[in-house]
Novice: 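I am attaching a structure below and will ask some questions about it afterwards.
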Amino acid sequence: MPVINEVCREISSIPLEKLSEIYVDEGKKRQEELDLPDLPKAVRGEVVTRFAPNPNSALHLGSSRAAILSHDYAKKYGGRFIVRFEDTDPRLKRSDMKFYSMVKEDLKWLGCEWDEIYMQSERMEIYYRFAEDAIKKGLAYVTECDSQRFRSLVLKSMPCPDRDLLPEEQLERWNKMLSGGYREGQAVVRIKTDLEHPNPAVRDWPALRIIDPERYSHPIAGKKYRVWPLYNWASAVDDHLMGITHIIRGQEHFVNMIRQGYVYEAFGWAYPQAVHYGKLMIEGGSLSKSDIERGIKEGKFSGYDDPRLATLIALRRRGIEPEAIRKMIHEMGINTNTATVSLDILYALNRKIIDGVSNRYFGVFGELHRLNLEGIPGQLTVSLPRHPSDPSRPKRIINVNSGGVVIEDRDYSGNLGKEVRLIGLGNFKLLDGGARFVNNDLNYAKGLPHIHWVSENQSIDISVLMDDATELRGKTESGITYEAQGSHVQFEREFFAKIEVIRPDSVYAVYTSR
RNA sequence: GCUCCGGUGGUGUAGACCGGUUAAGCAUGACGGCCUUUCGAGCCGUAGAUCGCGGGUUCAAAUCCCGCCCGGAGCACCA
C-alpha cells in the first residue's frame, strides 16, 4: 500500500502536459514494435538491406512497399539501408536522368533516407572482373548460340555445344565481346547451372550481353560500354559485395533467388535472406509502371503527378502523407499472398493524420444559389473556429451584409421552403432566391439541416483538381488566402484538399479525400 | 503448357512450422447511437468468416496429408 501511495503521489506531481507526452511516447514506441514482425535471422546492428529501383519511371505505391520495408527493417535492427540504381539496360528499359533525382526525392519524402547509394552503371568494371573470374573457373561460358536456338535446346535439357569449350577459349571470346568483335546478339555470357533443373527458366541463365553503344547510349555511362550485365549478374555480385543480409522484394523475383543461388554456391558466398511479398494490386487502378509510362506518353495522364495515378508524387500532390503510406505497408507486412487493397484504407489512415492540422473553411461547388438574407441587421459579423477541436487557432471572421450568401444546389433544392441552419449565421427559412431569418437559437437548430455557405462579398474563386482529374469550381472564403501553399484544409461537409496555388483572387487546390 | 507462390468476414491482416479454453483477434469499410454550429475527428454499439472446395489422418483441424478449383508470379541477350 505505501508503494501504491508513493507512485500515485509521484504521478500526480507530474504536470498534465508532461504526463500526456510520456504516455504518447510509450504508445508510439509500442506501436512501432507492433508494426513490424521480426525478420528471419536478423541480428541487431548487422542487418543490411537495399532498395534497388530501375530509374526508368517514378516510384508508385507498389514500389514503396520494398522501399519502406527495406528501410524500416534496417532501422528496426539498427542496421544500414542501401539504395542501388539498377540501370544496366540502356536498350529496353532505358534509364533517364530525371528519374534518378525523382526517385531520390520520393524516397526522402517517404522517410527512407539511405546510408549508401550506388549506381550500377558506375560499377561496370566490377561486373566484368567477376565475369572474367567466373569464366576462368569454368562457372560461366560465352555462347554464340542465339536465344532461339538456346531455348529449344535448353527445353530439352541439352547444352549449347560451346558450353564445354575450354576456359581459355571462353576467355578469348569474352575479350572479343569486350573489344567489339561481336555485334549485338552474337554472343552472351551464361552461368552454368543445372540443365536438368525442373524449371527451364533456371537453366544456364544469361549474365552479360552486348548492347551497341552507338545505337543505345546510357544517360550516365554514355557510349563507354558495349557489354552490360543482366539483372541477375549485377544483383548477385552487388548483394554480395555490399554485404546485404536481407533482400525484401516482390515474388516475381522468387526464381531469381534460385538462379543467383548457383553463383553464390560456386563462389562460396552466402546468399542473403530473401523475403518475397505477394503481388499488390489496387482496387480500380493500375500499379504497373508500363501502364503509367504508356498513359503519360499517350497523353491520357497529364504527368507523373496526375491525380488518377498511384505514383508517390501524385499522392503527395493530393495531400497523402507518407506516414499513412507507411502504416498501410506495415499493416500488409511481407506476407506472400496476393492483395487487392482499396485506396479507402489509405485515405482513412491519412485522414487521421491530417485531420488535426487541417484548418476548416467553407467552400461551395458546382451549381450555386445566391440568397438574399432577409430580416437580419444591415451587416453581420460572424466568427467561426478554424478547427472544431482547437479553439486556440485564430477565428475566421466573416462579414455578411444583406447582399447575402451563396450555397450549393444540393442544399438549396433539397430544402426549399424549409428551415435550415446556416452554420454560424442563424436559422433561416429557405425561400426562392432568399432566406428569411427565423432566430439564432442553437437548440432550435438541432433538428435542422446544417448547411454551409460563402459570403458573397467576401469570397474568392476556387478550383479543385479532383481524383478523376476533373476540375471542380466554386467559391470559398477569402480568408483562405492566409493559408500556406501546400497546407491541408478541409472544406466542411465536403472534403479534404491540399492547397497548391494561392493568388490574391483565387485558389487552386487538389482533392485529397472525403 | 511447364515451374513456383498464395486462397481467413467487403478489403487488409493475426493465428497455421509446435492440431484442442479464441470455433477465430485486430484494422479499415458498412450500419446505428452519442458528441460536435461539418456528412470530418473522437467515443460507444451492431452486423459480417463453419477459415477456397472435396476427401483423409485424429478423441479433436483454419492449423497435418491427398485431390480439385481459383488467383498471382516466372518461363527475355527486362528489372
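Letters go in sequence order (proteins before strands), and every chain restarts at 1. Worth knowing before you read on, the calculation uses all heavy atoms, side chains too, and leaves out hydrogens, waters and symmetry mates. This is a predicted model, so every value here is computed, not measured.
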Novice: Assess the side chains of A/N54 and A/Y231: does a donor N or O sit below 3.5 Å from an acceptor N or O?
Specialist: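 A/N54 vs A/Y231: no donor-acceptor pair found between side chains.
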
Novice: Can you tell me, in whole Å, how much space there is between the P of B/G20 and that of B/U36?
Specialist: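 It comes out at 49 Å once rounded to the nearest Å.
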
Novice: Could you check which residues of residues 57-65 of chain A get a heavy atom under 4.0 Å from RNA chain B? Sort them by number, please.
Specialist: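 The stretch gives none, as no residue of it lies under 4.0 Å from the strand.
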
Novice: Should the ring pair A/W228 and A/H218 be called parallel, tilted or perpendicular, given that the plane angle runs from 0 to 90° and is split at 30 and 60?
Specialist: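 Parallel, since the angle between the ring planes stays under 30°.
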
Novice: Distances for protein N/O vs nucleotides 31-34 of chain B N/O pairs under 3.5 angstrom?
Specialist:
none

Novice: Under 4.0 Å between a side-chain N or O of A/R351 and OP1 or OP2 of B/G29?
Specialist: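 Yes, within the criterion.
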
Novice: Applying salt bridge (Lys or Arg N to Asp or Glu O under 4.0 Å) to A/R173 and A/E144, what does each step give before you reach the verdict?
Specialist: CA-CA 9 Å; A/R173 288 180 166 199; A/E144 293 177 359; 3.6 Å; yes

Novice: Can you find a side-chain donor-acceptor pair between A/K289 and A/N56 that sits under 3.5 Å?
Specialist: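 Result is yes, a qualifying pair exists.
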
Novice: Could you check how far CD1 of A/I345 sits from P of B/U11, rounded to whole Å?
Specialist: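 It is 10 Å, rounded to the nearest whole Å.
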
Novice: What are the atom names and distances for every N/O pair under 3.5 Å that joins the protein to nucleotides 14-17 of chain B?
Specialist:
{"residue": "B/A14", "atom": "OP2", "partner": "A/N335", "partner atom": "ND2", "Å": "3.4"}

Novice: Test of understanding: with salt bridge (Lys or Arg N to Asp or Glu O under 4.0 Å), list the residues that count as partners of A/D344, not counting sequence neighbours.
Specialist: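 Partners of A/D344 under the salt bridge (Lys or Arg N to Asp or Glu O under 4.0 Å) test: none.
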
Novice: Checking A/R294 now: which residues fulfil salt bridge (Lys or Arg N to Asp or Glu O under 4.0 Å) with it, not counting sequence neighbours?
Specialist: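 For A/R294, the residues satisfying salt bridge (Lys or Arg N to Asp or Glu O under 4.0 Å) (neighbours in sequence not counted) are A/D291.
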
Novice: With A/R351, which residues qualify under salt bridge (Lys or Arg N to Asp or Glu O under 4.0 Å), at least two apart?
Specialist: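 Salt bridge (Lys or Arg N to Asp or Glu O under 4.0 Å) check on A/R351 returns nothing, list empty.
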
Novice: For B/A16 versus B/A79, give the span between their C1' atoms, rounded off to a whole number of Å.
Specialist: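 It comes out at 34 Å once rounded to the nearest Å.
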
Novice: Compare every heavy atom of A/F496 with every heavy atom of A/R514, then report the nearest pair and how far apart it is.
Specialist: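 For A/R514 and A/F496, the tightest heavy-atom pair comes out as O-CD1, 3.6 Å.
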
Novice: Have a look at A/Y141 and tell me which of A/I191, A/V188, A/V189, A/D204 forms a side-chain contact (heavy atoms from CB on, under 4.5 Å) with it.
Specialist: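 Testing each of A/I191, A/V188, A/V189, A/D204 against A/Y141, the sole residue satisfying side-chain contact (heavy atoms from CB on, under 4.5 Å) is A/D204.
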
Novice: Do the side chain of A/Q490 and the base of B/U38 come within less than 3.5 angstrom through a donor-acceptor pair of N or O atoms?
Specialist: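 For A/Q490, whose side chain was compared with the base of B/U38, there is a donor-acceptor pair (under 3.5 Å).
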
Novice: Given atom CG of A/L425 and atom P of B/U37, what is their separation to the nearest angstrom?
Specialist: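 Distance, rounded to whole Å: 16 Å.
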
Novice: Rounded to whole angstroms, how far apart are CZ on A/R421 and P on B/U36?
Specialist: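 Rounded to whole Å, this separation is 14 Å.
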
Novice: Contact class for A/P198 (heavy atom, under 4.0 Å): base, sugar-phosphate, or nothing?
Specialist: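 Sugar-phosphate only.
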
Novice: When you compare the side chains of A/R421 and A/N440, does any donor N or O come within less than 3.5 Å of an acceptor on the partner?
Specialist: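 Short answer, yes.
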
Novice: Whether A/K352 contacts B/U28 is assessed here as follows: a side-chain N or O lying under 4.0 Å from the phosphate OP1 or OP2. Is that the case?
Specialist: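 Yes.
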
Novice: What would the secondary structure line of RNA chain B be in dot-bracket form, counting Watson-Crick and G-U wobble pairs under 3.5 Å, with [ ] for pairs that cross earlier ones and | for pairs with another strand?
Specialist: (((((((..((((......[....)))).(((((.......))))).....(((((..]....))))))))))))....

Novice: Taking B/U11 as the reference, what is the distance to B/C53 when you measure between their P atoms (whole Å, please)?
Specialist: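 Rounded to whole Å, the distance is 14 Å.
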
Novice: Side-chain atoms of residues 352-360 of chain A: list all donor-acceptor pairs with protein atoms under 3.5 Å, sequence neighbours left out, distances to 0.1 Å.
Specialist:
{"residue": "A/D355", "atom": "OD1", "partner": "A/R360", "partner atom": "NH2", "Å": "2.6"}
{"residue": "A/S358", "atom": "OG", "partner": "A/I354", "partner atom": "O", "Å": "2.7"}
{"residue": "A/N359", "atom": "OD1", "partner": "A/R393", "partner atom": "NH1", "Å": "2.8"}
{"residue": "A/N359", "atom": "ND2", "partner": "A/E483", "partner atom": "OE2", "Å": "2.7"}
{"residue": "A/R360", "atom": "NE", "partner": "A/Q490", "partner atom": "OE1", "Å": "3.0"}
{"residue": "A/R360", "atom": "NH1", "partner": "A/D355", "partner atom": "O", "Å": "2.9"}
{"residue": "A/R360", "atom": "NH1", "partner": "A/S358", "partner atom": "O", "Å": "2.7"}
{"residue": "A/R360", "atom": "NH1", "partner": "A/H387", "partner atom": "ND1", "Å": "3.2"}

Novice: Sticking with atom P, work out how far B/U57 lies from B/U63, rounded to a whole angstrom.
Specialist: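 Approximately 15 Å lies between the P atom of B/U57 and that of B/U63.
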
Novice: Rounded to whole angstrom, note down the P distance from B/A62 over to B/U22.
Specialist: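 So the two P atoms sit 14 Å from each other.
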
Novice: Considering only NZ, NE, NH1 and NH2 on the basic side and carboxylate oxygens on the acidic side, decide whether A/E492 and A/R396 come within less than 4.0 Å.
Specialist: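 Yes.
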
Novice: Listed by chain and number, what are the ring pair (Phe, Tyr, Trp, His ring centres under 6.0 Å) partners of A/F81, not counting sequence neighbours?
Specialist: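 Once residues adjacent in sequence are excluded, the partners of A/F81 under the ring pair (Phe, Tyr, Trp, His ring centres under 6.0 Å) criterion are A/H71.
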
Novice: Go nucleotide by nucleotide along RNA chain B from the 5' end; which of A/D344 and A/S389 gets its closest nucleotide reached first?
Specialist: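 With A/D344 and A/S389 compared, the 5'-side residue is A/D344.
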
Novice: Are any side-chain N or O atoms of A/S217 and backbone N or O atoms of A/P213, one a donor and one an acceptor, separated by less than 3.5 Å?
Specialist: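 Not a single qualifying donor-acceptor pair exists.
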
Novice: With respect to the side chain of A/L442, which nucleotide from B/U28, B/U38, B/U37 is positioned closest?
Specialist: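 My answer, after comparing the listed nucleotides, is B/U37.
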
Novice: Using a heavy-atom cut-off of 4.0 Å across all strands, would you classify A/A348 as base, sugar-phosphate, or nothing?
Specialist: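 Sugar-phosphate, backbone atoms only, no base.
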
Novice: Between A/R50 and A/D238, is the closest basic N to carboxylate O distance under 4.0 Å?
Specialist: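 No, A/D238 and A/R50 are not salt-bridged.
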
Novice: Nearest whole Å is fine: how far is B/A41 C1' from A/L349 CG?
Specialist: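 Spelled out: CG on A/L349 to C1' on B/A41 is 14 Å.
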
Novice: Determine the contact category for A/T340: base if any of its heavy atoms lies under 4.0 Å from a base atom, sugar-phosphate if only primed atoms, P, OP1 or OP2 are that close, otherwise nothing.
Specialist: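 Counting heavy atoms under 4.0 Å across all strands, the contact made by A/T340 is with sugar-phosphate only.
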
Novice: Quick check against the 3.5 Å criterion: does A/D87 have a side-chain atom that pairs as donor or acceptor with the backbone of A/S121?
Specialist: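 Flag set: sc A/D87 to bb A/S121 pair under 3.5 Å.
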
Novice: Mind checking whether A/Y264 and A/H240 have parallel, tilted or perpendicular rings, split at 30° and 60°?
Specialist: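 It falls in the perpendicular class, over 60°.
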
Novice: How many Å lie between CG on A/L346 and C1' on B/G29, as a whole number?
Specialist: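 Computing the A/L346:CG to B/G29:C1' distance gives 14 Å.
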
Novice: Could you check how far NE2 of A/H452 sits from C1' of B/G40, rounded to whole Å?
Specialist: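 It works out to 13 Å between those atoms.
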
Novice: Can you give me the N/O atom pairs linking the protein to nucleotides 63-68 of chain B at distances under 3.5 Å, or say none if there are none?
Specialist:
none

Novice: Using the P atom as the point on both nucleotides, what is the distance between B/G40 and B/A24, in whole Å?
Specialist: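 Their P atoms lie roughly 32 Å apart.
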
Novice: Would you please name every residue forming a salt bridge (Lys or Arg N to Asp or Glu O under 4.0 Å) with A/D441, sequence neighbours left out?
Specialist: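 Expected list: none.
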
Novice: What does the B/S/- profile of nucleotides 69-79 of chain B look like, 5' to 3', with a 4.0 Å heavy-atom cutoff to protein?
Specialist: --BBSSSSBBB

Novice: Determine the interatomic distance between C1' on B/G12 and the same-named atom on B/C51; round to the nearest Å.
Specialist: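 My reading of the C1' atoms in B/G12 and B/C51 gives 16 Å.
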
Novice: Pick one: which of A/Y511, A/Y361, A/Y347 meets ring pair (Phe, Tyr, Trp, His ring centres under 6.0 Å) with A/F495?
Specialist: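 Exactly one option meets the ring pair (Phe, Tyr, Trp, His ring centres under 6.0 Å) with A/F495, and it is A/Y511.
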
Novice: Assess whether side chain to side chain contact (heavy atoms under 4.5 Å, CB included) is satisfied between A/L39 and A/I334, documenting all intermediate values.
Specialist: CA-CA 9 Å; A/L39 254 195; A/I334 2 183; 3.9 Å; yes

Novice: Could you give the CD1-to-P distance, from A/I325 to B/A27, as a whole number of Å?
Specialist: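 It works out to 22 Å between those atoms.
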
Novice: Determine the contact category for A/F496: base if any of its heavy atoms lies under 4.0 Å from a base atom, sugar-phosphate if only primed atoms, P, OP1 or OP2 are that close, otherwise nothing.
Specialist: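 Sugar-phosphate, no base atom in range.
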
Novice: Given B/U37, B/U13, B/A41, identify the nucleotide with an atom nearest to the side chain of A/A339.
Specialist: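 So the side chain of A/A339 is nearest to B/U13.
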
Novice: Work out how far the P atom of B/G25 is from that of B/U46, and round it to whole angstrom.
Specialist: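 Looking at atom P only, B/G25 and B/U46 are 13 Å apart.
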
Novice: Assess, by modelled atom type and distance only, whether the side chains of A/Y216 and A/E184 contain a donor and an acceptor separated by less than 3.5 Å.
Specialist: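 Note: A/Y216 and A/E184 side chains miss the donor-acceptor criterion.
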
